[in-house]
Amino acid sequence: MGYQPWLLGPLLGLLVWWIARRPLPVVVAMVLIAVLYSPIGTTALSAWLQGQLPPSVPAASQPVAVLLGRGPQIAAATTAEASRLVRDHAAVAVYVSGDAFAAAQALQRQGVPAPLIAGDSCARTTWENATRTATWLRRHHPGAPVALITDPWQLPRATAAFRRQDLVVMPIAVDPLLSAGQRNRLALRETAATLLYGLQGRLH
């Protein structure tokens, strides 16, 4: 049976009747959830996250480009940006935290010499990304600033975490090819993670 427009009215009426019988807090929660999981929610949460991004600090020397493991679609965008920085002599090396092997292969395919690539595959959280990267930088590039490259949703929290390691951070947002649903999930997840980091005192 094909689409029957005349069914829409009774169905909407049934939905309104069902909602009207719910307690007000339940209705408010339902509306809030519906908004959060909509394009409006993605836009609002993304704007709030961008408002949490600390001001950029100019670097006195060439930075090390730092990428964070975030899956293949985001990695495609971050490795492309890191490769561009190396080609333009705007970064002296690349460090990948959380997905070193796959990202290293992508960077080499894009022309970054293997000796300029380092990283770890052990970090599982943004805080571990920051602490492991800081340890490596102090051994191999002491005092070098960080060109921190990740998606715009993670960038504010990651920037704060890296600065808590006494690193000079130049935040760089990339725009990965993601569906609307993926963008919504990232916005929701990063909002929750940012609030958690605030409660843990990791943002300032």
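On a predicted model such as this, the values are computed, not experimentally measured, just so you know. Counting begins at 1 with the first residue of the sequence.
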Angle between ring planes, Tyr197 versus Trp127, binned at 30° and 60°: parallel, tilted or perpendicular? perpendicular
In the structure I gave you, are the side-chain heavy atoms of [X] and [Y] within less than 4.5 Å of one another anywhere?
X	Y	result
Arg84	Gln110	no
Leu53	Pro171	yes
Val64	Val92	yes
Leu137	Tyr95	no
Leu68	Leu148	yes
Val96	Phe101	no
Arg139	Thr135	yes
Trp136	His141	yes

Hydrophobic clustering (ILVMFWY, side-chain heavy atoms < 4.5 Å, transitive) - are [Y] and [X] grouped together?
X	Y	answer
Leu49	Leu195	yes
Ile117	Val66	no
Val112	Leu85	yes

Measure across [X] and [Y] and return the closest heavy-atom pair with its distance rounded to 0.1 Å.
X	Y	answer
Gln165	Ala134	CB-CB, 3.8 Å
Pro152	Pro176	CD-CD, 4.4 Å
Ala82	Leu107	CB-CD2, 4.0 Å

Taking atom types as modelled, find out whether [X] and [Y] have a side-chain donor-acceptor pair closer than 3.5 angstrom.
X	Y	result
Trp153	Ser46	yes
Thr126	Gln154	yes
Gln52	Arg157	no

What is the distance from atom [atom1] of [X] to atom [atom2] of [Y], rounded to the nearest 0.5 Å?
X	Y	atom1	atom2	result
Arg70	Asn129	CZ	CG	9.0 Å
Ile149	Leu67	CD1	CG	5.0 Å
Ser97	Arg124	OG	CZ	9.5 Å
Leu45	Thr43	CG	OG1	9.0 Å
Leu155	Ile172	CG	CD1	9.0 Å
Leu196	Glu190	CG	CD	11.0 Å

Between [X] and [Y], is there a donor-acceptor pair closer than 3.5 Å when you use the side chain of the first and the backbone of the second?
X	Y	value
Gln182	Ser179	yes
Asp120	Cys122	yes
Arg164	Gly201	yes
Thr133	Ala130	no

Checking salt bridge (charged side-chain N to carboxylate O under 4.0 Å, His left out) for the pair Asp151/Arg183: CA distance, chi angles, key distance, verdict? CA-CA 10 Å; Asp151 59 87; Arg183 290 171 180 268; over 6 Å; no
Test Val168 against Val146 for side chain to side chain contact (heavy atoms under 4.5 Å, CB included), laying out the working first. CA-CA 6 Å; Val168 176; Val146 169; over 6 Å; no
